[in-house]
Each structure stands twice: as structure tokens, then as C-alpha cells.
Amino acid sequence: MIRITQKWIFAVTRNSLVLHLLFWALSWYILLNIFTGSSSFQKIDYIYTSIFMLTLVVPVELNLLLFIPRFLNRKKYAVYGLFFLVSLFLFGLFNQLLFDRLIDFILPEYYFISYYDYVDLLKFFLVFLVISTLLHLSKEWFELNENKQKMILLEKEKIDAELKALSNQVNPHFLFNSLNVLYSLAIKNEKETPEAIIKLSDILRYVIYESNRETVELQNEITLINNFIDLQKYRTSPDANIQFFVEIENEKFSVAPMLFLPLVENSYKHGIKGDVGKTFIQLKLIQKGNEVEFQIENNKGVSGEPEKNQSGGVGLNNIRSRLELIYPENYTFEVKDGKDLFSVKLMFKI
Amino acid sequence: MKTRNVILIGIVAIAITSCFVKSLHPFFKESDVEFNNELLGTWLDDDSATWRINPYIFTKGFMLGDSTDNSYLVEMFDDTTNVSTFNVHLFRLDGKLYLDFDPIRGDRYDEMIDIHMIPAHSIARIDFVSDNEVVIAWFNEDWLKGLFEENRVKIAHEVIRTAENSYTKEYVLTASTDELQKFIVKYGSVEDDYLCDEENEILICTRLKRVK
């Protein structure tokens with residue numbers, strides 16, 4: 001019940017027409033009480049109040065629907081002031097003329113006079129114009145604050161997502177595995193040891209420092225992926241079929257950092273496993289114009305940890321969140337988790 | 001009938017017979033007041049009542065002497081020699097002349113009754129037809145009463161029921177002088193030639209002929 005009421009109140013306060021009608025209904029009732037000398041209202045009081053209010057409705061609505069949006073909101077204060085004053089004086093005069101003369105033609109059977117002198121009429125009109133303007137500006141101020149709050153929330157979500165992405169970037173398992181690889185190479189005194197150390201160093205340097213930027217060059221992301229693949233060769237089976245196809249027009253094309261590596265890592269973790277044969281990962285990165293497409297496919301591994309499936313990882317969700325923040329409505333992110341094949345297709349436009 | 005009712009207005013202040021429009025506030029402002037010597041003298045009206053009209057002189061205060069505010073002292077005598085006294089102001093509104101009748105409380109009545117009485121103003125148009133004839137036309141309360149009862153007029157007023165006749169409603173205007181004047185100018189501006197027209201339901205007319 002409370003939720004229905006809250007929804008109703010929200011709908012009403014957002015509906016401009018409803019607010020206007022409420023304002024005029026309340027004004028009519030207040031004016032009726034002001035204009036009626038006694039506590040009981042007569043037909044003549046309703047008629048007088050209604051006609052009086054019509055002369056107020058026009059300048060107030062003109063102010064709200066035309067003068068404020070066209071002049072005040074565009075900081076044309078002098079022009080706004082001029083229109084405000086002109087409508088104030090004109091409609092005050094019209095009200096006086098209406099009740100002094102015109103009403104006898106509109107309602108010949110009724111006897112009205114202009115009960116207020118011109119200065120008093122101007123006070124009425126001024127009060128209504130000022131109050132309606134203040135109410136309108138208050139509404140705009142509340143809406144502005146609401147939007148600011150939403151912006152702050154979005155900004156916070158963005159930061160949270162980026163923090164999560166950052167925390168996932170330095171995957172401790174990857175670091176652990178890589179250090180194990182380096183240890184194995186070192187104790188065997190393999191000649192590839194320095195090269196492996198350098199590749200790991202390059203990867204870590206890139207992940208820790210370069211990925212803090214808003215954008216990086218596409219070539220740098222390709223180098224990162226290649227370094228990762230090279231490093232993984234030391235711990236995966238030589239039979240593993242790893243293919244990385246690159247077709248780009250512009251090496252310096254700017255992209256958000258660390259969108260691709262988590263997918264590659266994901267494929268290695270779930271697809272390429274030391275104890276599974278006929279494993280493969282196929283990567284394809286295409287950049288054309290302002291569009292980038294990245295596809296990765298891997299075999300489905302026999303997972304020793306059945307509760308962790310490849311499509312349900314936190315890493316994929318983080319990428320999705322980052323894409324939403326960085327390329328809103330300009331990306332697609334498709335995940336296909338088949339029986340034997342797992343694939344991800346990522347496409348975004350700058 | 002008309003003069004007797006005027007006298008009754010003077011006696012009872014707020015009239016018990018509805019005839020003329022009555023107001024708590026005067027119908028004139030000081031700036032509207034005029035003085036015409038042609039109104040001074042003794043007159044006889046359609047009911048053969050005598051009107052004696054002199055300048056109104058009042059005492060400003062102890063040892064301050066007498067003064068006049070350009071108004072008239074009107075004394076009306078009916079057949080039974082009852083005298084009613086009014087302080088009357090001649091004033092102009094929108095080019096037309098009017099009279100405001102303000103009864104002067106005399107000492108004829110019991111003081112207890114007198115202190116309960118609130119004087120009411122009535123208003124009449126005046127047309128100086130010639131040196132020896134004027135037309136005076138009061139605003140007809142029945143006309144205004146009809147408008148009130150049909151809810152067709154908006155002007156501040158109170159409805160009272162008198163002790164003598166609780167079934168009859170009397171209307172007393174309580175509007176300000178400004179409002180009264182606007183109303184009179186808008187709805188009471190009848191041309192001089194039609195003041196006594198039989199089809200004119202707004203005004204009740206009497207003619208005064210000079211005696212001396």
C-alpha cells in the first residue's frame with residue numbers, strides 16, 4: 001500500500017499538467033475565500049472568482065511556459081524582466097477593464113465592478129507571478145539536484161567497477177603460476193629464464209601503470225596479449241594450438257585498457273589446462289574505422305572445479321560493467337558457452 | 001408615501017420599510033462635494049410635505065466657534081408636523097449630481113433607543129430643472145434587493161431582520177465609499193430626462209417646487 005502511494009506521489013509530482021492544475025485549484029479556493037465577505041459562498045462569488053482567476057492564468061502560464069524557458073533559463077535577465085513587467089501591467093489593466101466594462105457584455109444579467117484599484121490588482125498579479133516563478137525554479141532545482149545525485153552514483157559505480165577491474169587485473173593466480181614457471185626455469189638454468197622474467201616484468205608494468213590511463217594505444221594491448229601468450233607457453237603443453245589473428249588499420253587507435261587480457265586469461269584458465277589434450281585458443285582482433293572487434297574461442301576443459309564455470313566468472317561481469325560505463329550503448333558483448341566450445345565476441349565503437 | 005418613508009429613515013435610522021438603498025458608509029468623498037445656493041429655500045414635494053433647506057452649520061468645539069462643510073441642513077415636515085432632520089451633501093460623480101442623506105439624531109427619542117440606532121446614508125440623484133423646480137430620485141432598494149436575492153450582484157452588504165418584522169430581510173450596504181461610487185457610476189447613471197421615467201426601476205422620483 002505504501003509503495004503504491006509512493007509511486008502515485010512520484011507520478012503526480014513528475015507530471016507538469018497535474019501540478020499546474022493543483023496549483024490553480026488551490027489558488028481558486030484561496031481567492032474565493034479572499035473575495036467572499038461572508039463564510040458562505042454564493043453563486044455570484046464562484047462566478048467572480050473564476051473570471052478573476054482567468055485573468056491571472058494567462059500571464060502566469062505565459063511566464064512559466066515561455067518567459068522562463070526562453071529568457072530566464074538562458075540568462076537573458078533584462079529581457080525576462082521586461083516581459084515580466086509588461087505582462088504584469090498589461091494583465092492588471094485588462095482585469096480592471098474587464099470588470100469595469102467588458103463584463104457587462106459577457107454577463108449582462110450580472111452586476112460586477114472592479115473591486116480593487118489598479119495598484120491592488122498589480123499586487124495580486126505580482127504575488128502570483130513571483131510565487132509561481134519561485135515554485136517553478138524550486139522544481140527545477142530539485143530536478144537538478146536529483147540529476148546531480150544520479151551523476152554522483154554513476155560516477156561511484158564507475159569508480160567501483162574500475163577498482164574491481166584493477167583488482168582483478170593483477171590476478172594472484174597468474175602471478176603465482178608465472179613465478180612458479182620462472183622458478184622452474186631458474187632451477188633448471190634454462191636459457192629462456194631472462195626472457196621469461198622480462199616478459200613477466202613487461203606484463204606487470206603494463207597492468208600496474210599503463211592500465212591506469214583512460215585510453216591506451218591498441219598496439220600496446222596487442223603486445224600485452226602476445227607477452228601473455230609467450231609466457232604461458234612455458235607452462236602449457238606444446239600441443240596447445242594458440243592462434244592470434246590481428247588486422248588493424250591504425251596501431252595508435254585509442255581503446256580503454258585491459259579489456260582483452262582478462263578474456264585471454266579466462267580462456268587459458270578454463271580451456272588450456274596442462275592435463276587436457278587437443279586444446280586450442282583462437283583470438284582475432286580487428287580494428288576498422290572507429291570500430292574494434294575482438295573474438296576469442298577456446299575448447300571447453302574438463303574442469304576439476306565443477307562449481308566454477310567459465311561464463312559465470314567475476315572477470316566477465318567486470319568487463320561488461322566497464323563496457324557499459326566507457327562505451328554506453330556502443331558495444332556488444334556476446335558469450336557463448338557450448339558443450340565443446342566457449343567463445344566471447346566483443347565489439348565496440350568509439 | 002415617499003416622504004413619509006424618508007422621515008421614517010430619519011426616525012428609525014436603519015429603515016424598517018424597504019424603499020431606499022442604504023449604506024453604512026457615505027456615498028461621497030470630500031473632494032466630490034459641491035454647494036449650490038439654488039437648493040437653499042423652502043420647497044414642497046409631490047406629497048405636499050415641506051422641505052426647508054439651509055446651510056449646515058455646526059460647532060467645531062468648545063470656544064472654537066461655528067463652521068460649515070458645504071453641506072445642507074434639510075428639515076422635512078409632513079402633515080403631522082413630524083420633523084426629520086438630515087445633513088445632506090451635494091456631490092458630483094462622473095458628471096452627474098447626487099445627494100447623500102445622513103440622518104441627524106435628535107433628542108426626540110428615548111436615549112436607550114437612540115444609542116442602539118446606527119445612522120445610515122441614502123443616495124439620490126438631483127436634477128435642477130429650473131430655479132423653482134428640482135427632481136430628486138432615490139435609489140430603489142427593491143431593485144437592489146431583487147439582485148441580491150437572485151444572486152446577481154456582488155457588493156459588500158449585510159442582511160438584517162428587524163424586531164418588527166423578522167420575516168422581511170433588509171439590506172444594508174457595507175462597501176467602502178470607493179466601491180459604492182464605482183457601483184453607482186456604473187449602474188445608476190440614468191440620464192436626467194429619465195429620472196422620473198415609469199420604466200426606470202432603479203430610481204424612485206419626487207419633484208420639489210419652490211415655495212420661497
Side-chain angles (χ1 to χ4, degrees), chain A residues 24 27-57 89 91-126 128, chain B residues 20-29 31-32 93-96 98 120 123 139-161 169-191 199-203:
Chain A
W24 288 117
S27 301
W28 184 85
Y29 181 69
I30 292 172
L31 286 175
L32 182 67
N33 278 273
I34 292 172
F35 294 149
T36 305
S38 65
S39 56
S40 64
F41 305 132
Q42 306 293 328
K43 183 178 77 173
I44 193 97
D45 299 314
Y46 296 126
I47 295 172
Y48 177 76
T49 305
S50 302
I51 295 172
F52 189 100
M53 217 181 71
L54 281 177
T55 66
L56 276 170
V57 167
F89 289 118
F91 283 95
L93 196 62
F94 174 69
N95 181 291
Q96 195 172 47
L97 182 68
L98 176 68
F99 284 106
D100 274 347
R101 303 247 186 270
L102 303 175
I103 198 76
D104 295 335
F105 299 101
I106 301 166
L107 296 170
E109 291 185 2
Y110 290 87
Y111 292 73
F112 293 108
I113 57 174
S114 179
Y115 302 96
Y116 298 94
D117 63 24
Y118 188 54
V119 172
D120 288 335
L121 284 173
L122 287 183
K123 289 175 193 170
F124 265 110
F125 280 76
L126 184 66
F128 266 82
Chain B
F20 306 135
V21 169
K22 298 173 287 294
S23 166
L24 284 186
H25 297 290
F27 289 89
F28 66 93
K29 294 181 210 168
S31 54
D32 306 320
L93 272 184
D94 198 35
K96 294 184 170 47
Y98 296 84
I123 181 171
F139 279 78
N140 184 3
E141 190 185 30
D142 285 340
W143 160 73
L144 192 60
K145 196 172 174 180
L147 294 179
F148 279 131
E149 285 172 358
E150 289 169 17
N151 241 299
R152 292 197 289 132
V153 64
K154 184 169 169 67
I155 187 164
H157 65 281
E158 289 295 334
V159 181
I160 54 172
R161 292 179 197 275
K169 285 193 280 192
E170 302 291 332
Y171 292 85
V172 177
L173 298 180
T174 54
S176 64
T177 302
D178 274 329
E179 217 171 290
L180 290 170
Q181 288 193 337
K182 280 184 191 176
F183 192 81
I184 293 297
V185 164
K186 193 174 182 193
Y187 296 112
S189 291
V190 178
E191 291 305 317
E199 290 182 6
N200 181 356
E201 58 176 1
I202 299 175
L203 300 170

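Protein chains get the first letters and strands the later ones, always in sequence-line order, with residue 1 at the start of each.
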task = For atom OH of Tyr29(A), decide whether the heavy atoms of other residues, nucleotides or ligands shown that lie under 6.0 angstrom number more than 12.
result = no

ask   = Are side-chain heavy atoms of Asn151(B) and Tyr46(A) found at a separation under 4.5 Å?
value = no

request  = Specify the closest pair of heavy atoms between Tyr116(A) and Lys182(B), including all atoms of both residues, with the distance to one decimal.
outcome  = O-NZ, 3.7 Å

inquiry  = Can you tell me which of Asp104(A), Ile47(A), Leu107(A) forms the most heavy-atom pairs within a distance under 4.5 Å of chain B?
reply    = Asp104(A)

message = Please rank Glu150(B), Arg152(B), His157(B) by heavy-atom pairs under 4.5 Å with chain A and give me the top one.
response = Arg152(B)

request  = Measure distances from Tyr115(A) to the heavy atoms of chain B and classify the residue's part below 4.5 Å as side chain, backbone, both or neither.
outcome  = both

request  = List in chain and number order the residues that pass side-chain contact (heavy atoms from CB on, under 4.5 Å) with Lys123(A), two or more places apart in sequence or in another chain; answer none if no residue qualifies.
outcome  = Val119(A), Asp120(A)

key: Under 4.5 Å from any heavy atom of chain B - which part of Phe99(A)   = backbone

Which atoms of Phe183(B) approach chain A - backbone, side chain, both or neither, heavy atom under 4.5 Å = both

task = For the pair Asp45(A) and Lys154(B), find out whether any cationic side-chain nitrogen is under 4.0 Å from an anionic carboxylate oxygen.
result = yes

query = Is there side-chain contact between Ile113(A) and Tyr187(B), with heavy atoms separated by less than 4.5 Å?
reply = yes

remark   = Looking only at Glu179(B), Glu158(B), Lys186(B), most heavy-atom pairs under 4.5 Å shared with chain A are made by Lys186(B)

